[in-house]
Structures are given as structure tokens and as C-alpha cells.
Amino acid sequence: MKIIFALFIPFCLLIAGCSKHEPNRIGTTEFYNKMKELPQAAVLDVRTAQEFNKGYLPNAINIDWQEKNFDKGIENLDKNKPVLIYCLSGGRSSEAAQHMRQMGYTAVWELDGGIMKWRAANLPEEKLDAINSLGITKADFDALLVSDKIVLIDFYADWCGPCKRMKPYLDEISNEMSDKVVVVRINADDNQTICKELGIDALPVLQVYKNKLLTWSNVGFIEKSEVLKQF
């Protein structure tokens, strides 16, 4: 009986290990290589049309994950062929990829970090709205820092969940502490050049400048109380 029980344990562990599903989330270099190695793969951008027009991966098609007709939009994609999927920073594409796997798509690869990481790696991108996507220059940005007050920079996007959650308290800081703090919000979609120059490859990002010097930076959601500690 002991021998049978001893053999049974590793067998159960093996079954458990095999049943665990790991998403196919890959980095920019591997994603780019797959685009070249798998020309038959669909490159799927699940952002909004407005975001897509400001820059997208070569040969990408745009089907907005947040639209009700997403399922209808992907009907023409072969479930037995690979799909390379991405969004701004990885959140929406992860949800869409999981949904597609449940629908029977057999090989869905996600771009870890989304198009922001892609841009930071200086990989190829196509644009329909190239002029407007450039936004402010480094000189413009440096001019924003010229102040006798503390300058709080908020890099955000309209489609970023954590950004939306932080906006109310950033507005409060702007209104309640206007005598000592200047809050500057920079839309990452509209200002791709400065984001690339400053290495902003995820959202949201808060930065505090004092006398034009960067004294603090944070990536991701953070509570108001933690931000106030930096002033």
C-alpha cells in the first residue's frame, strides 16, 4: 500500500502541473521575431480607433476590446492560426486574449507591456496621424519645469484604469495646493516622442521636480497620501 501511495503522489503532482495554464505573454523582441517568423499570424490591436490612428504595429488590424461587437469583429480570424495581440500597456490585451482562448483560439500570444514597451525598444511602428502623435518636445517639457513651485508631472492615458482612479485626487492637489504645487498632466498617446525620450514605457507615471531636478518618480497606481509625502 505504501508503494502505491508513494507512486500516486508524484502522479497527482504531474497532472496538476500539466493542467496549469500559463498565458503566452512574451517580450518585445520575441513578439517582433514571431511577427517575422509567422507571417500568417494576425496582429491584433485591441485599443480604441483613436489610439490606433496615432500609431500601431506593422500590418495590425484594429478591433476594440471594449466595444460590444468584439466577438463579431474577430469572426474572420482563423481559430487554428496564431494571433499576436497587444494594447497600450498589456491590460486590455490580456483580457481579450483570455476571452479568445475560451472561444477556442489555439495560439494567442500577448505583447508584455504593450505598445509602450514596443516604442521604448524603438521597434517599427506605422502611423495614420503622425504629426499629432509627436506632441511636446524635450524643450517644451523642460520649460514646464521652470517654476518656483514644486512641479508634479502625471503621464496618463484616457484608457488607463489606474490613471482614471488617480485623476480626482490630482485635481484636488492642483486646486488645494496651487500656492506650492503645479500639476501637469501629459497624455502619453498624444505625446509619444517625449515619453520615448524620458523612458516612459508604462502608465501611470508620476514625477516630482524641484528646481528643475527630478526628486521622485512612481510607476503604477499610488494613493494620494503617498504622493503628499513627496512635497
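- Side chain of Asn24 to main chain of Ile26: no donor-acceptor pair is present (N/O by atom type, distance under 3.5 Å, no hydrogens or angles).
- Asp190 places no side-chain N or O within 3.5 Å of a backbone atom of Gly135 that could act as its donor or acceptor partner.
- A heavy-atom distance below 4.5 Å is found between the side chains of Leu111 and Thr28.
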> So Lys229 and Glu226, salt bridge (Lys or Arg N to Asp or Glu O under 4.0 Å) or not? Walk me through it.
Replying inline: CA-CA 5 Å; Lys229 293 177 182 178; Glu226 293 300 313; 3.0 Å; yes

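- Minimum interatomic distance between Lys149 and Asp179 (heavy atoms only, all atoms of both residues): CE-O, 3.8 Å.
- With contacts defined as side-chain heavy-atom distances shorter than 4.5 Å, the pair Val227/Ile222 qualifies.
- Contact check for Leu57 versus Tyr32: no side-chain heavy atoms found under the 4.5 Å cut-off.
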>> Please determine whether salt bridge (Lys or Arg N to Asp or Glu O under 4.0 Å) holds for the pair Glu51 and Arg92, giving the CA-CA distance in whole Å, both sets of side-chain angles, and the decisive distance to 0.1 Å.
In response: CA-CA 13 Å; Glu51 290 175 278; Arg92 284 170 288 177; 2.9 Å; yes

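- Around NZ of Lys81, the count of heavy atoms belonging to other residues, nucleotides or ligands within 6.0 Å does not exceed 12.
- Within the 4.5 Å cutoff, side-chain heavy atoms of Ile61 are placed close to those of Leu77.
- Glu125 and Tyr56 get closest at one heavy-atom pair: CG-O, 3.3 Å.
- The closest side-chain heavy-atom distance from Val151 to Lys212 is not below 4.5 Å.
- The closest side-chain heavy-atom distance from Leu203 to Leu88 is below 4.5 Å.
- For Asn211, the CG atom is loosely surrounded, since the number of other residues' heavy atoms within 6.0 Å does not exceed 12.
- A donor-acceptor pair under 3.5 Å is formed between the side chain of Trp118 and the backbone N or O of Pro124.
- For the pair Met103 and Asp71, the minimum side-chain heavy-atom distance is below 4.5 Å.
- In terms of heavy atoms, Asp154 sits closest to Leu206 at OD1-CD2, 3.5 Å.
- The distance from the CE atom of Met177 to the NZ atom of Lys180 is 4.5 Å, given to the nearest 0.5 Å.
- Salt-bridge formation is not detected for the pair Lys167/Glu172: no Lys NZ or Arg NE/NH1/NH2 atom is positioned less than 4.0 Å from an Asp or Glu carboxylate oxygen.
- With hydrogens and angles disregarded, no donor-acceptor distance shorter than 3.5 Å links the side chain of Lys117 to the backbone of Gly90.
- For Gln207 against Ser217, the heavy-atom pair with the smallest separation is CG-OG, 3.7 Å.
- Within 6.0 Å of NZ on Lys224 lie more than 12 heavy atoms contributed by other residues, nucleotides or ligands.
- A salt bridge links Glu110 with Arg101; the closest basic N to acidic carboxylate O contact falls under 4.0 Å.
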> What do the steps show when you test Asp140 against Thr137 for side-chain hydrogen bond (donor to acceptor under 3.5 Å, both in side chains), and what is the final call?
Replying inline: CA-CA 5 Å; Asp140 296 330; Thr137 65; 3.0 Å; yes

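- A ring-centre distance under 6.0 Å is not found for Tyr209 and Trp216.
- For the pair Lys54 and Phe52, the cation-pi criterion (under 6.0 Å, within 45° of the ring axis) is not fulfilled.
- Contact between Leu84 and Met35 at its shortest, heavy atoms only, is CD1-CG, 3.5 Å.
- In this structure, the side chain of Thr215 engages the main chain of Val208 through a donor-acceptor pair within 3.5 Å.
- Considering all non-hydrogen atoms of both residues, Ala202 and Val219 come closest at CB-CG1, 3.9 Å.
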